[in-house]
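Lettering follows sequence order; numbering is per chain, from 1.
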Protein chains: 2
Amino acid sequence: MLTLAGLGLFDEKDVTLRGIEAAKAADKVYIELYTSVWHGKEKLEQLIGKDIEILGRSGMEQGSEKIVKEAKDKDVVVFVPGDPLIATTHTILIEEAKKLGIKLQIIHNASIISAVCETGLHVYKFGASATVPFREKTGGKLPESVYETLKKNKKNDLHTLLLLDIVPEGGMSATEAIQIMSSLEEKKGDGMFTDETEVVVYARAGSDEPLIAFGTLAEMKNRDFGEAPMVMIVPGRLHFTERGFLEKIGK
Amino acid sequence: MLTLAGLGLFDEKDVTLRGIEAAKAADKVYIELYTSVWHGKEKLEQLIGKDIEILGRSGMEQGSEKIVKEAKDKDVVVFVPGDPLIATTHTILIEEAKKLGIKLQIIHNASIISAVCETGLHVYKFGASATVPFREKTGGKLPESVYETLKKNKKNDLHTLLLLDIVPEGGMSATEAIQIMSSLEEKKGDGMFTDETEVVVYARAGSDEPLIAFGTLAEMKNRDFGEAPMVMIVPGRLHFTERGFLEKIGK
């Protein structure tokens, strides 16, 4: 059997009882940590009483066949950050397993996609989300599709969740994301991301020290939001209860 | 301190270690079960070694002040289905606690909002979501805003997640939601929900027996999808990898 188990948002305490149980019973346990910032591999190993092998991007993408074959006559658990299958790269495992007729189990967990409601923004008012990539990854090109997504959502009065990129060295800060979005605004000029635009920064979701910051870009662009992971939301039209909540809770 | 802890999708095994730990250490533990279908209160009581008091809708909405005051000099945990704060009713607790200067902790967990990616649909292609209410609740009126949301999303090639209503007697089936949506189509006539429209039904997320069903309305409208909880997705334009996944995984 192949089990894909979510790690949740922050550390080993975010794993569910179902996830711990599956890993304890497993013959082999893998962990994928390149799609998100997550802490606690060593403590998780202590909790389940066995070693966990780290899967790099190539291990997940080129090694999927090997992992799935291993699951033919062994119980294999693959831990992934957040909720499984949010990162489309994980669907490879499911398709391979289905092809070989291997039993599958998905253990869900918290994802930033829903955790973001801690900001008081209403879940049904989020439009399509987008990821802001590091400039190094796009060869210096600006991610125009992100701006287009924002524009479409704004037109429909919807919120835009901007997920921030990650590299092995760490996650993007909201400050860097603001710079990239501001460069896009300069280029496109449709007034989607100006000094008056209000944004929400939500950092370290699920940790003991989460931060919810709310303000105009002019107020936010020089702020230090601390350590990654973080996301940025560009709200559509705010309902008065959303604004009230943000003004009370946001720091 | 007031802790709002997510219960996850299905039963007590979906609770995180952080949630169990908080409840074990708490002076008082409440549970809210009216916003979702969730199983396992008794087993959760065994796990944490104490009784859990059930909060009805009135207990949550009118009793919030009492709960928050109790959290002034006691550790109070309130368990809620899925990920906290997805149901806007829970934000009342946060605002009351903030007003009284009471320390707050949010323990995130799995939500249907992200679990839905188990269907292979890409998370960034979901537009705004909507809830299909029981006809009894709307005085027989059709929920036209749901149709409007669907229309906007379709125009932007985005997927629409339809959450299905719940009453104390149980959750709505996709079959009933299809009937309501079809009546809306009859009334509005914009071709958003016809016999040729493809839909995905995702039932019993997080359980040992989840169902992912994919087909046209003509194929789906007379099917029995089993027990609630379930959701229905009306996809926008499907990426070929999404279609490939659904055709392989969907039953």
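- Across A:Ala115, A:Ala205, A:Ser111, the residue that shares the most heavy-atom pairs under 4.5 angstrom with chain B is A:Ala115.
- Heavy-atom contacts from other residues, nucleotides or ligands closer than 6.0 Å to NZ of B:Lys13 number 12 or fewer.
- Interface remark: B:Leu161 contributes no atoms to any contact with chain A (heavy atom separation under 4.5 Å).
- With a 4.5 Å cut-off on non-hydrogen atoms, A:Ile86 touches chain B through its backbone and its side chain both.
- For a residue to count as touching a neighbouring chain, one of its non-hydrogen atoms must lie under 4.5 Å from one of that chain's; by this rule B:Asp208 touches chain A with the side chain only.
- Within 6.0 Å of atom CD in A:Glu65, 12 or fewer heavy atoms from other residues, nucleotides or ligands are found, so the atom counts as exposed in its surroundings.
- To the nearest 0.5 Å, atom CZ of residue B:Phe10 and atom CZ of residue A:Arg18 are 7.5 Å apart.
- Other residues, nucleotides and ligands contribute at most 12 non-hydrogen atoms within 6.0 Å of the NZ atom of B:Lys69.
- Each of B:Ile94, B:Thr119, B:Leu4 has some count of heavy-atom pairs under 4.5 Å with chain A, and the biggest count is that of B:Ile94.
- Interatomic distance, B:His90 NE2 to A:Cys117 SG, rounded to the nearest 0.5 Å: 11.5 Å.
- Residue B:Ile113 holds its CD1 atom at 7.5 Å from OG of A:Ser114, rounded to the nearest 0.5 Å.
- With contacts defined as side-chain heavy-atom distances shorter than 4.5 Å, the pair B:Thr16/A:Val15 does not qualify.
- Neither the backbone nor the side chain of A:Leu121 comes within contact range of chain B; no heavy atoms are under 4.5 Å apart.
- Chain A forms the most heavy-atom pairs under 4.5 Å with one residue out of B:Asp14, B:Ile106, B:Ile107, and that residue is B:Asp14.
- Contact annotation: the side chain of B:Tyr124 never approaches that of A:Thr131 to less than 4.5 Å [non-hydrogen atoms, C-beta and beyond].
- Looking at A:Glu21, the atoms closer than 4.5 Å to chain B (heavy atoms on both sides) all sit in the side chain, from C-beta outward.
- A:Glu227 CD: 12 or fewer foreign heavy atoms inside a 6.0 Å radius.
- We find the CG-CG distance between A:Asp11 and B:Leu17 to be 9.5 Å, quoted to the nearest 0.5 Å.
- With a threshold of 4.5 angstrom between heavy atoms, A:Leu104 does not approach chain B through any atom at all.
- Considering OG of A:Ser129 and NZ of B:Lys125, their distance stands at 12.0 Å, rounded to 0.5 Å.
- Between B:Thr241 and A:Thr91 the shortest side-chain heavy-atom distance does not fall below 4.5 Å.
- Contact of the B:Lys98 side chain with the A:Ile249 side chain is registered, since non-hydrogen atoms from C-beta on lie closer than 4.5 Å.
- With a threshold of 4.5 angstrom between heavy atoms, A:Lys152 approaches chain B through side-chain atoms but not through N, CA, C or O.
- Looking at A:Asn109, its side chain never comes within 3.5 Å of a backbone N or O of B:Ala110 through a donor-acceptor pair.
- The contact between A:Phe126 and chain B is made entirely by backbone atoms, counting heavy-atom distances below 4.5 Å.
- Using a 4.5 Å heavy-atom cutoff, the side chains of A:Lys99 and B:Lys248 are not in contact.
- Counted within 6.0 Å of NZ on B:Lys137, heavy atoms from surrounding residues, nucleotides or ligands total more than 12; the atom is thus considered enclosed.
- How far CG of A:Asn156 is from CG of B:Leu158: 9.0 Å, rounded to the nearest 0.5 Å.
- Looking at heavy atoms from C-beta onward, A:Val123 lies out of side-chain contact with B:Leu85 at the 4.5 angstrom threshold.
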